[in-house]
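Scope of the values below: all heavy atoms of this structure, side chains included, with no hydrogens, waters or symmetry mates. As the structure is a prediction and not an experimental result, all values here were calculated from the model.
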Amino acid sequence: MVCALGIEGSANKIGVGIIKDGEVLANVRRTYITPPGEGFLPKETAKHHREAILGLVKASLKEAQLKHSDLDVICYTKGPGMAPPLLVGAIVARTLSLLWEIPLLGVNHCIGHIEMGRLITGAQNPIVLYVSGGNTQVIAYSNKRYRIFGETIDIAVGNCLDRFARIIKLSNDPSPGYNIEQLAKNSSRYIKLPYVVKGMDVSFSGILSYIEDLAEPGKRQNKRKKPQEAEVTDYTQADLCYSLQETIFAMLVEITERAMAHCGSNEVLIVGGVGCNERLQEMMRIMCEERGGKLFATDERYCIDNGLMIAHAGAEMFRSGTRMPLEEAFVTQRYRTDEVLVSWRDD
Ligand code: MG
């Protein structure tokens, strides 16, 4: 029996979750939402998290109907992410661990997403597409590591969506990606965009520059000739949202399918905040079904960053014997998925 409390704060969400032997007892979260046209900056995000975190710890214990003495381990996100918000979670976790005399574990954020997705969906050994504001990776498990088969070579897919939402001044509430998805539903007119797959990797920054020019013609000093200029100019914001989603999601489906073929797998699990986009899920489901495979996905409670996923991955680590000395209780902005020894899987 392992009862774990997890704290996640690597980006603009601060969340606390409690899990006991795979049973979800609490999952509370607050999101730092900035005005339209503005992204979230590290210092302000950390301030938001500092103000929310103790209330969330209390709320999680209340929701779980537990006392702190019922906890076996306190887990926090060690990285990757933005350092100032990550530090808020780490400092509070360290303090609670010392105060309550409960062991402390630092958890890799990406591993948290993967294990939470596997728990909720029951997927056994899927190809994992991890897509969010800070990450884009195609991952498969092999021999005690989650190995990265493909990834972005520049910005994350969610960052591309977030930044485009900022250009066209969409609301950040509940999230920029959600609002792009809704606006895209008003169009089925595809404006041709660059499609950038390089082997198993993808690139989004050039696509973003290109669509920025379409959204705000003449704003950037760009001498590059755009083939569209002569062809279409009467596109709407909805057309651009639709075309952006279709393009970048097709790229993700392509590299995921190639990983399935390579690994001989017929399961795909989508995790991360962009993973709740229903158009991405639909496109991935079509590809999976054409191959006789199956798609697994979760809703916003579990695919958007949350404390529960950190509690769950931490509980798996703890159960399999992982311990962390206090002097290792730091945070790191760069922490790759394949650095973690997956001690809790034997397959
Ligand atoms: Mg994430």
Side-chain angles (χ1 to χ4, degrees), residues 1-11 13-21 25-29 42-43 45-61 64 66-116 144-146 305-345:
M1 297 276 270
V2 175
C3 185
L5 179 144
I7 297 174
E8 154 61 30
S10 62
K13 289 101 190 163
I14 177 79
V16 182
I18 299 177
I19 199 161
K20 189 174 185 179
D21 293 314
L25 298 183
N27 188 21
V28 291
R29 174 174 63 202
K43 194 177 155 194
T45 308
K47 181 169 183 284
H48 168 269
H49 291 5
R50 274 197 302 275
E51 285 164 4
I53 190 166
L54 293 180
L56 290 171
V57 170
K58 283 183 199 160
S60 69
L61 285 167
L66 292 178
K67 299 187 295 295
H68 63 74
S69 54
D70 296 321
L71 300 170
D72 297 303
V73 59
I74 291 174
C75 314
Y76 72 95
T77 306
K78 192 170 187 174
M82 285 178 160
L86 276 172
L87 275 167
V88 175
I91 290 166
V92 169
R94 225 152 53 198
T95 306
L96 295 178
S97 163
L98 290 167
L99 189 67
W100 295 342
E101 298 178 337
I102 298 168
L104 181 66
L105 273 183
V107 174
N108 177 294
H109 178 88
C110 317
I111 300 281
H113 274 297
I114 296 169
E115 292 305 338
M116 196 68 224
K144 297 268 181 199
R145 300 267 171 188
Y146 283 110
D305 292 349
N306 61 84
L308 192 64
M309 68 189 212
I310 301 304
H312 174 52
E316 292 286 86
M317 291 165 70
F318 192 77
R319 192 173 51 75
S320 61
T322 305
R323 298 292 182 271
M324 186 181 77
L326 197 65
E327 58 267 28
E328 282 177 27
F330 50 81
V331 301
T332 169
Q333 296 204 99
R334 294 185 182 270
Y335 187 11
R336 280 174 70 81
T337 315
D338 51 10
E339 284 177 49
V340 178
L341 180 72
V342 183
S343 56
W344 56 95
R345 280 184 72 167

Gap separating the CG atom of Leu61 from the CG atom of Leu56, nearest 0.5 angstrom:
11.0 Å

Nearest 0.5 angstrom please: Ile19 CD1 to Ile310 CD1, how far?
11.5 Å

Would you indicate whether the side-chain heavy atoms of Ile102 and Asp72 approach each other to under 4.5 Å?
no

Of all heavy-atom pairs linking Ala4 and Cys75, the shortest is CB-SG, 4.2 Å

Is there a side-chain contact between Arg94 and Ser97 in this structure, where contact means two heavy atoms from C-beta onward sitting under 4.5 Å apart?
no

Answer with yes or no whether the side chains of Glu115 and Tyr146 bring together a donor and an acceptor at under 3.5 Å.
yes

Thr77 and Ser10: side chain donor to acceptor below 3.5 Å:
no

Any donor-acceptor N/O pair, Glu8 side chain to Asn306 backbone, under 3.5 Å:
no

Please round to the nearest 0.5 Å and tell me the distance separating atom NE2 of His109 and atom CD1 of Ile114.
10.5 Å

Check Cys110 against Thr337 and note the closest heavy-atom contact, atom names and distance.
CB-OG1, 3.4 Å

Can you tell if the side chain of Leu105 reaches within under 4.5 Å of the side chain of Tyr76, non-hydrogen atoms only?
no

Is there side-chain contact between Pro85 and Ile14, with heavy atoms separated by less than 4.5 Å?
no

Quick one, His68 and Leu96 - any side-chain contact, counting heavy atoms below 4.5 Å?
no

Closest non-hydrogen atoms of Val340 and Trp344, given as atom of the first, atom of the second and distance, are CG1-CH2, 4.2 Å

Using modelled atom types only, decide if a donor and an acceptor are shared between the side chain of Arg29 and the backbone of Asp305 within a distance under 3.5 Å.
yes

Could you tell me whether Arg336 and Glu339 make a salt bridge, using a distance below 4.0 angstrom between a side-chain N and a carboxylate O?
no

Here the gap from His312 atom NE2 to Ile111 atom CD1, rounded to the nearest 0.5 Å, amounts to 11.5 Å

How close do Val88 and Ala46 get, heavy atom to heavy atom, and via which atoms?
CG2-O, 3.7 Å

Give a yes or no on whether the backbone of Tyr335 and the side-chain of Asn108 come within a donor-acceptor separation of less than 3.5 Å.
yes

If you compare all heavy atoms of Gly314 against all heavy atoms of Val107, which two are closest, and at what distance to 0.1 Å?
CA-CG2, 3.8 Å

Gap between atom NZ of Lys58 and atom CD1 of Ile53 - 0.5 Å precision
12.5 Å

Taking the side chain as every heavy atom from C-beta outward, state whether Lys20 and Val2 have any atom pair closer than 4.5 Å.
no

Taking C-beta and beyond as the side chain, do Ile18 and Leu66 meet within less than 4.5 Å on heavy atoms?
yes

Does Phe318 have Arg323 sitting over its ring (NZ/CZ under 6.0 Å from centre, angle to axis within 45°)?
yes

Do Lys78 and Met324 touch side chain to side chain, with heavy atoms closer than 4.5 Å?
yes

Which pair of non-hydrogen atoms, one from His49 and one from Ala11, has the smallest distance, and what is that distance?
NE2-O, 2.8 Å

Leu86 side, atom CG; Ile91 side, atom CD1 - distance, nearest 0.5 Å:
10.5 Å

